[in-house]
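Per chain, numbering begins at 1; letters A, B, ... match sequence-line order.
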Amino acid sequence: MTTDTAVSTPDIAGDSLAREAWRRLKQNKAATTSLVLLALVTLACVAGPWLTPWALDEVDWNAFLTPPSLADGHYAGTDANGRDLLTRTLHGGRVSLSVALVATLVSLAIGVLYGAVAGYLGGRVDNLMMRFVDIMYSLPFMFLVILLMVVFGRNILLIYAAIGAVEWLDMSRIVRGQVLALKRREFVEAAHALGVKDRKIVTRHLIPNAIGPVIVYVTLTVPKVILLESFLSFLGLGVQEPLTSWGVLISEGKDMMETAPWMLLVPSVFLALTLFCLNFLGDGLRDALDPKTR
Amino acid sequence: MPKPLLEIDRLGVDFDLPGGAVTAVKDVSFRIHAGETLALVGESGSGKSVSSTAAMGLLPELARTHGAIRFEGEDLLAATPKRLRRLRGNDIAMIFQEPMTSLNPLHRIGRQIGEVLERHRGLKGRAARARVRELLERVGIPEPERRIDSYPYELSGGQRQRVMIAMALACEPKLLIADEPTTALDVTVQAQILALLKDLQRRDGMAILFITHDLGIVRHFADRVCVMRQGELVEHGETAALFAAPRHAYTRMLIDAEPRGRKAPVTADAPLLLEARDVRVRFSLNKRLFRPSTYFEAVRGIDLSIRRGQTVGIVGESGSGKSTLGRALLRLLDSRGDIRFDDTALDGLNASAMRPLRSRIQVVFQDPFGSLSPRLTVGEIVGEGLKVHALELSARERDARVQEALREVALDPAMRRRYPHEFSGGQRQRIAIARALVLKPEFLLLDEPTSALDRSVQATVIELLRDLQARHGLTYLFISHDLAVVRALADTVLVMKQGEVVEQGDTETLFETPREAYTRELMRAAFLEEAAA
């Protein structure tokens, strides 16, 4: 039987949850590898386009649809217009990654807070807040984007705003569901009995305990956002030539699949690698933030 | 000597966990003969449930077993999965602890019982239905013809457990494994279920392997007892002999863990600390926009007064409104009626007016697993109240107070950097008590603080509560369905039923000479071992 009297243990130096989570994340091999790879991809996308011998829209009149080769400096081949594919892929990564980052952060910030507040307050407020979400859902996404275009003109920032404005809806629903279940737990009631303010209960007791599903959902949001952006660009509402993104490059590559497979493969490898890493990193983060897996 | 029905021979179960193998059961041997009841007793983690699931072949894949489990001479550990499926439900049946979750909520109960019959007896259609009705009748379900088409949610906890028993009995098993079948039920329902099992056993001559942590039941119910501790069998013998003269120290400790002692009364002139008049709590069942809502009144006009230093016990079965009353007194729920604490009227105070009083009125909840936030360290949990009520304290002073509170509940202050999941149930309950104590309250609402704990742990927590009360002159409102605990702790007792007080009075008088029939019924069910002894 476990005795109830305390077993003496050395007083561990005060680790904050964040530092401890970081320590646990470092022990997870898949997550750390992913983190390093993600950093490399990001670095390549940020710095790469300056280092490659070709510019984004520079046409090499001697090389149309050439396969990858070290000799002519087109390390990942060229596209049908004779532009260097590696430069374009890295450049496209800037757009895709930044859209993913910004839209995900927006959806995270708005969605978590909105959902937690709705779930916690409950009753009529919850009803009103969630009906607003339903209304937003029922607006066709395309319609929303076109509307924004009409008002503000074509701008890459609009893509961020439009995608962020749609993605937080799912997140708020997920968080609300979690909070609804959590707020009935006794530790929340105990916090009430201690006189803890509502704001503190939400930020200290409810949101940290809802973090697991949130992180899983974030890892699902990132690929969704990247694909959404390429869909917009494909319809001519997103980034425009000569700018590009991974989604656009893949969609172009798809048409040339049989004659120039590298046009599909190069951007796809970058996208797949990023998504793989994000999934492993998300799993690692979820475990690292859960004190139980210590 | 006749051949035993089930023979467990040097059974060992290990679990292969990522952190290394954990031994759950070690070298356990016992046998059960036809028609006999063997009780397997032990506290949580003693391996009693693991042993019985091994007999059913239901262990998780991580488990490795050695030794032998022989059912009518056939080794079950060596049996094929197909053979085991034939035995399960047919020759060996099992009832689980949780009647609320053991039934599939989407199927009518007739169909769930019929499934067993179809599988093992090939009964279908009308024949199966007739048999199901007969079974429901035997386990004492009223109106079996109508209930056969009910969904589980339409039945009470006791009725669901009866359905589970009917399902287990469907194929007239030779051995029934009952894993804490009454733990989740109220005492009066528990008494009925036990009587039913006894009766069915007499009629059909099946053997029962009864797994429980409740020695009261064992004494009343079992022919022989096996006591398990940390995966080992420490003692076994005839029930009467074992209770009369326990040989092993652990068995003696378990038997002695029944709460003992009585509380010393407070002086009659002690000032009133909490007074409530005509408290009513109601919940609206369906909110409608323009029509009047319908309400369910959970607490119906309760008067209560508690003097400083007193302990008032509230007993009642689930659904009697005792917890609701407690929450209403603490203003965690909206209620009607007057509530005065010391000299302040609590009713009508809003959250911010109530806040300064919160440090004087604290609460400890039942579930030590649910009442601590899993993502905060113990130090943060205990110190939270100080952040609200003692803003003047520096982080260092706060830490000192937290350590003091942890020492007060006999926990090592060095453990404050750990997370709740690393502690046992009893330790968690101590943490919850420390969280309440750190504010130095005058009044403590204890809502079933010992119900989720093993008997021996329960005894230490009761000792702690008693000790704290004596040291700090605390006033308790103790809510419990466990009459033995209330008797040991309370000065006066309220018996609640359906939101009303059935009877109240001085603890000793009420337990010795209960006036109301309902109180008598409760006592008879709760102290069944005394009736049998």
Heavy-atom contact with chain A under 4.5 Å, split by part of B:Leu376: side chain

A:Asp287 with A:Arg24: basic N within carboxylate O range, under 4.0 Å: no

Pair B:Arg416 + B:Asp399: basic N to acidic O under 4.0 Å: yes

Under 4.5 Å from a heavy atom of chain A, the part of B:Ser359 involved: neither

Greatest number of heavy atom pairs closer than 4.5 Å to chain A - which of B:Gln362, B:Gln366, B:Lys387: B:Gln362

Partner chain B: residue of A:Leu194, A:Val188, A:Leu182 with the largest heavy-atom pair count (under 4.5 Å): A:Leu194

Geometric class of the B:Tyr250/B:His248 ring pair [parallel <30°, tilted 30-60°, perpendicular >60°]: perpendicular

B:Leu332 portion near chain A, given a 4.5 angstrom heavy-atom threshold: side chain

Salt bridge present between A:Arg204 and B:Glu384 (N-O < 4.0 angstrom): yes

Per-residue contact mode, B:Leu445 against chain A (heavy atom under 4.5 angstrom): neither

A:Lys197 versus chain B, the contacting section by heavy-atom distance below 4.5 Å: both

A:Tyr114 and A:Phe132 aromatic ring geometry - parallel, tilted or perpendicular at 30°/60° bounds: tilted

B:Asp447/B:Arg327 ion pair, N-O < 4.0 Å: yes

